[in-house]
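Here the structure is a predicted model, which is why all the values come from computation and not from measurement.
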Amino acid sequence: QVPPVESGGGLVQPGGSLRLSCDRSAFTLDYHAVAWFRQAPGKEREGISCLTTSDYSRIYADSVRGRFTISRNNNENTVYLQMDDLKPEDTAVYYCAVRGPWYRCRSPLQSSDYDNWGQGTQVTVSS
């Protein structure tokens, strides 16, 4: 499988924004589930959002709902995670995971449901 590649992480002040990208280059994301997970030091990996590309249905964890938005533009092979009103507790390595084709996001998000992972991108929220 071709792994996705995350980008867009960095250092941001509390209340700021970042947009992460999950890219699979020339390989389609049609009819896939594309999920974002994060893992902070000493904590378990947490599923935070997922997009089912067949119908653009979305899942958000309570911890990010209303602040994060998952999206995909015009059948691109890239899924975005727009993160607004960032908080210090959002500091983590963020991972993109892909499963498909013919797979839908399931709640709650579980890392064991995905076997195609990116390398992660660090997000640090600090003043």
Item to complete: Decide yes or no for Arg72 and Tyr80: does some side-chain heavy atom of the first lie under 4.5 Å from some side-chain heavy atom of the second?
Response: no

Discussion item. Per the ring-ring contact (aromatic ring centres under 6.0 Å, His included) rule, what does the pair list look like for residues 103-127, sequence neighbours excluded?
Written reply: Phe37-Tyr114, Phe37-Trp117

Discussion item. Going by the rule side chain to side chain contact (heavy atoms under 4.5 Å, CB included), which residues pair with Gln39 if we only count those two or more places apart in sequence or in a different chain?
Written reply: Arg45, Tyr95

Discussion item. Could you see if Leu109 belongs to whatever hydrophobic cluster contains Tyr56? Use Ile, Leu, Val, Met, Phe, Trp, Tyr and a side-chain cutoff under 4.5 Å.
Written reply: no

Worksheet item: Quick one: are Asp113 and Arg99 in side-chain contact, heavy atoms under 4.5 Å?
Response: yes

Discussion item. Under a 3.5 Å cutoff, is there a donor and acceptor pairing between the side chains of Asp84 and Ser17?
Written reply: yes

Fill in: Thr52 (side chain) donor-acceptor with Ser54 (main chain) under 3.5 angstrom
no

Worksheet item: Is any side-chain heavy atom of Pro88 closer than 4.5 Å to a side-chain heavy atom of Pro14?
Response: yes

Discussion item. Would the distance check show the side chain of Arg65 and the main-chain N or O of Ser63 forming a donor-acceptor pair, the cut-off being under 3.5 Å?
Written reply: no

Worksheet entry | Exam field: side chain Thr121 to backbone Tyr94, donor-acceptor pair closer than 3.5 Å | no

Response to the item:
Residues at least two apart in sequence or cross-chain that pass salt bridge (charged side-chain N to carboxylate O under 4.0 Å, His left out) with Arg104, listed by chain then number, are Asp55

Discussion item. Could you check whether any side-chain N or O of Glu6 sits under 3.5 Å from a backbone N or O of Cys96, counting only pairs where one atom can act as donor and the other as acceptor?
Written reply: yes

